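Model, not experiment: these values are computed from the prediction.
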Amino acid sequence: VAEQAVLQPNRTHGSIRVYAILLFCVTCYASTFVFSALLVREFHPVALTLFRLISINAFLIVVGWRYIKKEKIALKLLIILAVAGFIGISLSHWSLHHGLVYTDPITAALIYALGPLLTSLITYFYLKERRRIYFWLGILTSLIGVYFVVSKGSGFALQVGKGELFIGLTILTFSVYLVIVQYLSKYLEPMVITVYTSLFGLLLFFPFVRIEHIQTSLNIDIKLWVLLIVSAIVTNGLCTMLWNGAVRQVGAATSSLFINVEPFAAMIIGYIILHQIVQPIQLIGSIFIIAGVIMGTRFGKKSKTSHI
């Protein structure tokens, strides 16, 4: 009993530390929408995507070199890694940056929160995973939330602009990427997948870059360059490793709950940095979206013994 009493505070302290790491990562993920919205005011979306991918790859190659140098990968898996990199890294970043030219970061973050549900929907059709009625109710609830967010209180006059469509493409491409990664994880270590998909994402993006995209970035304030590089490395490099480490300690189910905090974190950061005030209808929509995601992802998967 005495030994358990000694161990309990240590476990509690360890849990608080892990939860703090998860909250830090979610805050960084949320800041991506706000910082990218700032950066696209000066950088062309293509140039921003290119420089961000270069920064991410520089960090990942340094950190992950010891993992990839000893890994021999079959040609089939290399092709799949390349496809995943182009879809989930190149297209996902490009569409996000283009979307933020036309829509605000809070709307983008709220629409992006549909990602887990969209991934589950893809696995339903592609992997034939069984779903309960809660999954479909979750999708309906989230779509109602998206309607509130996009309409912004304009009644039934729903107007979906370029920004919302680009953000929709972002979550679609990243959801497809996650499904491919789920397949690749049967054969490769997570760090190997992360490094190779990021590298392929950069290499396959080069053909879409034009010299004028680069030229427009040469005279941009050095502070914005620092913001671009640091945010890319912290969010897509450091936080990826911290998140994976936390998941191993508390499990995927617990860590996934923190993802639902991301839209609210984006609202707070957006208010602090951009002075963007969240409309009441957007707040209501965010509650619907998060409730739908939790309902669909946590209660929507049908177990082998379930008859519901």
Side-chain angles (χ1 to χ4, degrees), residues 25-26 28-37 40 45-46 48-50 52-53 56-57 60 80-101 103 105-127 129 139 142-143 146 149 163-185 190 193-202 204-205 208 231-232 235-237 239-241 243-244 247 252 255-256 258-263 265-266 289-290 292-293 296-297:
C25 291
V26 167
C28 290
Y29 294 148
S31 70
T32 299
F33 296 97
V34 178
F35 291 151
S36 295
V40 293
V46 173
L48 179 57
T49 301
L50 175 65
R52 188 175 181 87
L53 292 182
I56 294 169
N57 275 276
L60 289 176
I80 297 175
L81 284 166
V83 172
F86 181 71
I87 294 175
I89 305 299
S90 303
L91 285 181
S92 184
H93 279 80
W94 172 82
S95 57
L96 172 63
H97 296 147
H98 266 281
L100 289 171
V101 173
T103 192
I106 293 177
T107 299
L110 289 171
I111 296 175
Y112 196 82
L114 286 172
L117 266 187
L118 185 56
T119 302
S120 298
L121 188 62
I122 294 172
T123 59
Y124 170 78
F125 289 105
Y126 178 68
L127 301 178
E129 291 184 353
I139 288 181
S142 292
L143 289 177
V146 170
V149 169
E164 289 78 17
L165 291 176
F166 274 120
I167 300 302
L169 178 61
T170 303
I171 63 169
L172 175 61
T173 52
F174 195 70
S175 296
V176 171
Y177 168 78
L178 292 178
V179 175
I180 299 175
V181 167
Q182 184 176 337
Y183 168 80
L184 289 169
S185 62
I193 296 173
T194 301
V195 173
Y196 271 95
T197 52
S198 296
L199 183 58
F200 277 122
L202 172 61
L204 294 174
F205 188 71
F208 301 94
S231 63
T235 303
N236 295 88
C239 284
T240 298
M241 295 187 297
W243 185 274
N244 291 338
V247 168
S255 59
S256 65
F258 282 81
I259 289 294
N260 299 315
V261 180
E262 186 174 324
I289 291 172
I290 300 306
V293 170
T297 55

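- Annotation for Ser175 and Ile171: closest pair OG-O, 2.6 Å, computed over non-hydrogen atoms.
- The shortest side-chain heavy-atom distance between Phe166 and His97 does not fall under the 4.5 Å cut-off.
- Of the possible polar contacts, none joining the Ser90 side chain to the Ile87 backbone as a donor-acceptor pair under 3.5 Å is found.
- Side-chain contact between Ile106 and Phe33 is absent, with no heavy-atom pair separated by less than 4.5 Å.
- Taking CD1 of Ile89 as the reference point, atom OG of Ser198 lies at 4.5 Å (rounded to 0.5 Å).
- Smallest separation of non-hydrogen atoms from Ile289 and Ala113: CG2-CB, 3.8 Å.
- Smallest separation of non-hydrogen atoms from Ala30 and Ala266: CB-N, 3.5 Å.
- Taking the side chain as every heavy atom from C-beta outward, Leu202 and Leu50 approach each other to under 4.5 Å.
- Atom CG in Leu178 sits 11.5 Å away from atom CG in Leu184 (nearest 0.5 Å).
- A centroid separation of 6.0 Å or more is found between the aromatic rings of Phe200 and Phe86.
- Annotation: side chain of Pro45 is in contact with side chain of Val101 (closest heavy-atom distance under 4.5 Å).
- Listed for the Ser185 side chain is a donor-acceptor partner under 3.5 Å among the backbone atoms of Gln182.
- At a threshold of 4.5 Å between non-hydrogen side-chain atoms, the residues Arg52 and Thr235 count as touching.
- Nearest heavy-atom pair across Cys239 and Tyr29 is O-OH, 3.5 Å.
- For Phe208 and Trp94, the ring centers are positioned 6.0 Å apart or more.
- Across all their heavy atoms, Glu164 and Thr107 have their closest contact at OE2-CG2, 4.1 Å.
- Between the side chains of Thr49 and His93, not a single donor N or O lies within less than 3.5 Å of an accepting N or O.
- Residues Leu91 and Tyr177 are not in side-chain contact: their nearest non-hydrogen atoms beyond the backbone lie 4.5 Å or more apart.
- Between Tyr112 and Phe174, the ring-plane angle classifies as tilted under the 30° and 60° cut-offs.
- Between the CG atom in Asn57 and the OG1 atom in Thr194 there is a gap of 11.0 Å [rounded to 0.5 Å].
- Under a 3.5 Å cut-off, the side chain of Ser36 and the backbone N or O of Thr32 do form a donor-acceptor pair.
- Taking CG from Leu172 and OG from Ser92, the interatomic distance works out to 10.0 Å, rounded to the nearest 0.5 Å.
- Under the 3.5 Å distance criterion, the side-chain polar atoms of Thr170 are matched with a main-chain donor or acceptor of Leu96.
- Partner of Leu81 under the side chain to side chain contact (heavy atoms under 4.5 Å, CB included) criterion, chosen from Leu199, Ile180, Thr197, Val195: Thr197.
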